[in-house]
Structure formats: C-alpha cells, structure tokens
Amino acid sequence: ANRKLVTVVESTYLAQNVTLHVVKVGDRFYLVGGGSAGITKIDDVPAEMAQPWLDEQKRTLGNQRDAVLKLLTRWRAPQ
C-alpha cells in the first residue's frame, strides 16, 4: 500500500449494498460511505488515530508471514 496514492485501508458492511470505508489518500485518511446511490465522504479521520492501527496491522501481517516462512523452511529442510 505504500506505493499507491489511494488505498482502501479498512471496509465494513453495514447492510446489503451499504459499506463504510477508511480510505488513505496521500497522508490523509477519510471515512466514506458507499451504497447503491454512490459514495459520500462522511468525515476526516485523524492520522494519529488511523496510522497506529495501520502500523499494527502491518506488523501483525509481517509476523504471520515470518511464521509461515519459518514453518515452510523447516518443512522443506532435508531430514
């Protein structure tokens, strides 16, 4: 996501065809709603609120990746 100017950070469904999204554009975050009528900006999301969450998600994903790679390395190692 660091290579893109616009990234959907998180999405959640509220009802059929109704979603909330946190979107990162450059260094700014926005809460937008999407539905059959279109997309609407609801509010700005402060970076100090969104960025720590995003950083934690990246760390968690990195830890999971490392654990899988370690397991695959042990599995592929000659016995």
Side-chain angles (χ1 to χ4, degrees):
N2 291 335
R3 297 180 304 252
K4 296 181 181 180
L5 179 61
V6 178
T7 304
V8 177
V9 174
E10 178 77 10
S11 296
T12 189
Y13 293 92
L14 301 178
Q16 186 175 4
N17 299 323
V18 180
T19 56
L20 279 177
H21 309 279
V22 175
V23 178
K24 183 178 182 186
V25 181
D27 292 332
R28 301 188 68 185
F29 295 89
Y30 303 96
L31 181 64
V32 297
S36 58
I39 297 172
T40 303
K41 178 186 166 197
I42 298 171
D43 204 354
D44 293 353
V45 177
E48 59 270 10
M49 182 177 146
Q51 194 62 55
W53 180 88
L54 187 56
D55 293 342
E56 179 60 28
Q57 296 304 307
K58 288 179 183 179
R59 273 192 298 279
T60 300
L61 183 60
N63 291 340
Q64 290 173 346
R65 179 200 61 227
D66 293 347
V68 169
L69 289 174
K70 184 177 179 181
L71 180 64
L72 288 174
T73 301
R74 286 184 13 206
W75 180 66
R76 297 179 84 196
Q79 299 294 327

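Starting from 1, each residue takes its place in the sequence as its number.
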Side chain to side chain contact (heavy atoms under 4.5 Å, CB included) filter on Val6, not counting sequence neighbours, yields Val23, Val25

Report the residues that fulfil side chain to side chain contact (heavy atoms under 4.5 Å, CB included) with Thr60, sequence neighbours left out, ordered by chain and then residue number.
Glu56, Gln64

Give the minimum heavy-atom separation between Ala47 and Pro52, together with the two atoms involved.
O-CD, 3.7 Å

Linked, directly or transitively: [X] and [Y] (ILVMFWY side chains, under 4.5 Å):
| X | Y | value |
| --- | --- | --- |
| Phe29 | Leu5 | no |
| Leu31 | Trp53 | yes |
| Val22 | Ile42 | yes |

By salt bridge (Lys or Arg N to Asp or Glu O under 4.0 Å) - contacts of [X] (at least two apart):
| X | result |
| --- | --- |
| Lys41 | Asp44 |
| Arg65 | none |
| Glu48 | none |

Report the distance from atom CG of Leu54 to atom CZ of Arg59, rounding to the nearest 0.5 Å.
10.0 Å

Gln51: side chain to side chain donor-acceptor pair (under 3.5 Å) partners, not counting sequence neighbours
Asp55

Identify each donor-acceptor pair in which a side-chain atom of residues 9-20 lies under 3.5 Å from a protein atom, sequence neighbours left out, and give them as a table.
unit_1, atom_1, unit_2, atom_2, d
Ser11, OG, His21, ND1, 2.6
Thr19, OG1, His21, NE2, 2.8

